[in-house]
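Below is one structure; the comments refer to it alone.
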Amino acid sequence: MHDQLKQEHMSLQFQVQWFDEVDSTNTRLLEQARLDTALPSGTVWAARTQTEGRGRMDRKWVSSSSGNLLFSLYHRTTAGLFRLPSLTMAMSIAIDEMLHHFNIYSNLKWPNDIQVNGRKIAGLLAERAGDDGVVLGVGLNVNMTADKIAQIDQPATSLRNETGVEWDVAETLQILLTKHLPLWLARWDANGFSGLRERWIEGCGGLHTPVAVRDGVNRIQGTLAGFGENGELLLRLPDGMVQTIWAGDVVTP
Ligand code: BTN
């Protein structure tokens with residue numbers, strides 16, 4: 001690894017604050033970033049319970065008191081709006097890598113889900129905070145039990161569901177922030193999506209695999225041709241043309 005990048009990632013620090021209950025850690029931290037223009041990059045707000053957790057595309061993120069990891073990170077960056085989606089990809093890779101260290105064989109699902117055997121274990125929500133910051137929210141299902149999982153409107157799982165044991169939620173966050181996130185965040189800061197491309201492709205199952213993308217009402221099918229410089233998905237259509245997909249969800253082909 002390049003020496004300078006090594007030093008930068010060693011020096012990345014996070015300041016973690018825990019709350020018993022908030023409406024949404026993203027909403028709270030966005031508000032804090034607005035009120036405090038000197039909010040340090042690396043501020044992390046985590047909650048034991050969220051009453052109004054938010055997901056992408058105005059969906060709800062339900063986790064009530066299931067012992068899941070719910071947190072938001074404030075990261076200072078002047079990267080333009082089009083570059084932000086790839087920041088969530090850096091966080092996804094860090095989580096994927098941590099799960100692999102726990103012997104849970106997760107994979108990445110574009111643009112920002114992490115799955116285990118087709119079931120969602122984590123989701124991410126990035127929101128612009130002023131001109132020079134972003135709030136990156138993470139929901140990782142840690143101790144959610146099978147009965148709670150069954151109430152979710154899509155296939156889901158949790159660390160506990162995969163391993164049969166209870167996990168320490170705060171320790172899981174600490175491991176992510178100390179062992180896995182610094183390197184991928186430093187790579188993103190230095191090179192944007194180019195610093196992630198190889199690992200992302202490996203984590204999402206490789207090039208030329210069949211992929212279907214749902215973009216609102218449309219469902220487009222093809223094979224994975226690659227990713228553009230900001231992490232946009234390049235889909236090879238049956239006629240050989242490559243279509244660039246900026247937003248949507250990869251679904252089972
Ligand atoms: C998704 O998959 O749609 C994204 C889910 C993001 C949920 C997390 S939980 C912590 C943070 N606070 C929120 O309100 N949302 C994010």
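Indexing begins at 1, ligand by ligand and atom by atom, following the structure's order. Reckoned from all heavy atoms, side chains included, excluding hydrogens, waters and symmetry mates. If you're wondering where the values come from, they're calculated on a predicted model, not measured in any experiment.
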Next item on the list: Could you check F19 against W45 for ring-ring contact (aromatic ring centres under 6.0 Å, His included), going step by step and ending with a plain yes or no?
Entry: CA-CA 7 Å; F19 298 84; W45 283 11; 5.1 Å; yes
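Taking atom 11 (C) of ligand 1 as the reference point, the nearest protein heavy-atom neighbour is T25 OG1, 3.3 Å. Annotation: atom 2 (O) of ligand 1 to nearest protein heavy atom, K120 NZ, 2.6 Å. The protein atom (non-hydrogen) at minimum distance from atom 12 (N) of ligand 1 is Q50 OE1, 2.9 Å. Shortest contact from atom 5 (C) of ligand 1 to any protein heavy atom: W61 CE3, 3.3 Å. Protein heavy atom at the shortest distance from atom 6 (C) of ligand 1 is R54 O, 3.6 Å.
A cation-pi arrangement is absent between R56 and W61 under the rule of less than 6.0 angstrom and at most 45 degrees off the ring axis. Taking the ring axis of W184 as reference, the NZ or CZ atom of R187 stays within 45° of it and closer than 6.0 Å to the ring centre.
Numbered from 1 in the order shown, with element, the atoms of ligand 1 that lie under 4.0 Å from a heavy atom of R56 read 1 (C), 3 (O), 4 (C). Heavy-atom proximity to G55, at under 4.0 Å, picks out these atoms of ligand 1: 1 (C), 3 (O), 4 (C), 5 (C). Near N26, meaning under 4.0 Å from any of its heavy atoms, are these atoms of ligand 1: 11 (C), 12 (N), 16 (C). For ligand 1 and G53, the ligand atoms under 4.0 Å from any heavy atom of the residue are 14 (O).
Between R34 and E31 there is a salt bridge, with a side-chain nitrogen of the basic residue lying less than 4.0 Å from a carboxylate oxygen of the acidic one.
When non-hydrogen atoms are compared, ligand 1 lies under 4.0 Å from the backbone of V138 (N, CA, C, O) but not from its side chain. At a 4.0 Å heavy-atom cut-off, ligand 1 does not touch N112 at all.
Atoms CG and CZ, on N68 and R160 in that order, are 10.5 Å from each other to the nearest 0.5 Å.
Inclusion of E52 in the set of residues having an N or O under 3.5 Å from an N or O of ligand 1 is not warranted.
Transitive grouping of hydrophobic side chains (ILVMFWY, heavy atoms separated by less than 4.5 Å) keeps Y74 and L176 in distinct clusters.
The side chain to side chain contact (heavy atoms under 4.5 Å, CB included) test with L124 is passed by exactly one of L136, L140, D113, L87: L136.
What you find for T25 and L70 is that their closest heavy atoms are CG2-O, 4.1 Å.
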